[in-house]
S.K.: 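What follows is a single structure, and I will ask about it in a moment.
What you see below is based on every heavy atom in this structure, not just the backbone, and it leaves out hydrogens, waters and symmetry mates.
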Amino acid sequence: MPSPNPKGRPRGIIDKRQRLQKIFSDKGEALVQTAVDAALAGDMQALSMSLARLAPPLKSTGERVEFDLDTELPLSGQANQILLAVSEGKLDVDTGRALIACINSVAGIRAVEELEERIIVLEAKAI
């Protein structure tokens, strides 16, 4: 089907997003100063917004840990090893949760690969 607009968008057309970006770039300093002035005057929402820009909230980071994970075990066995490491205090709960989520992702990838292989075999038999 041919394009209803074969020449495309004419040059120089400014859409809403570009207009808003221009307004913000032209008046950005004034907007920031207004927020800072409001924060200094006691506006708690402006203060919260200003502080969030100056010092964003800290993100939790887990410590680097090392423990033995037997990769020869099935994925469920590996998950059990991680749970054991958490219960023994070798891993923190968040790290254990993240590792088990990774194992879950690997299990999903393996399931898709196995399904693909089975489909290929079935299609080969059908031919």
S.K.: What I'd like to find out is whether the side chain of L84 reaches to under 4.5 Å of the side chain of N80, using heavy atoms alone.
M.R.: no
S.K.: Counting heavy atoms not belonging to D26, are there more than 12 under 6.0 Å from its CG?
M.R.: yes
S.K.: Give me the atom names and distance for the closest heavy-atom approach of Q18 to I13.
M.R.: OE1-O, 3.6 Å
S.K.: Let me check something: any side-chain donor-acceptor pairs from residues 100-124 under 3.5 Å, sequence neighbours excluded? List them with distances.
M.R.:
residue : atom : partner : partner atom : Å
S105    : OG   : A101    : O            : 3.2

S.K.: Return yes if some donor-acceptor pair links the side-chain N/O of Q78 with the main-chain N/O of L73 below 3.5 Å, else return no.
M.R.: yes
S.K.: Can you give me the closest heavy-atom contact between A35 and S50, atom names plus distance?
M.R.: O-OG, 4.0 Å
S.K.: Kindly work out whether a path of hydrophobic side-chain contacts (I/L/V/M/F/W/Y, heavy atoms less than 4.5 Å apart) joins V93 to L83.
M.R.: yes
S.K.: Is M44 linked to L51 within one hydrophobic cluster, defined over Ile, Leu, Val, Met, Phe, Trp and Tyr using a side-chain heavy-atom separation of less than 4.5 Å?
M.R.: yes
S.K.: Is there a side-chain contact between Q21 and R17, using heavy atoms and a 4.5 Å cut-off?
M.R.: yes
S.K.: Step through the shown structure and confirm whether more than 12 heavy atoms of other residues, nucleotides or ligands are within 6.0 Å of CD on Q45.
M.R.: no
S.K.: From Q81 CD over to L99 CG, what is the distance, rounded to the nearest 0.5 angstrom?
M.R.: 11.5 Å
S.K.: Please name the pair of heavy atoms, one in R97 and one in D94, separated by the smallest distance, quoted to 0.1 Å.
M.R.: NH1-OD1, 2.9 Å
S.K.: Taking atom CG of L31 and atom CD1 of I23, what is their separation to the nearest 0.5 Å?
M.R.: 10.0 Å
S.K.: Working to the nearest 0.5 Å, report the span between CG of D43 and CE of M49.
M.R.: 8.0 Å
S.K.: From I82 CD1 over to T95 OG1, what is the distance, rounded to the nearest 0.5 angstrom?
M.R.: 10.5 Å
S.K.: Return yes when atom CD of E29 has more than 12 non-hydrogen atoms of other residues, nucleotides or ligands closer than 6.0 Å, and no otherwise.
M.R.: no
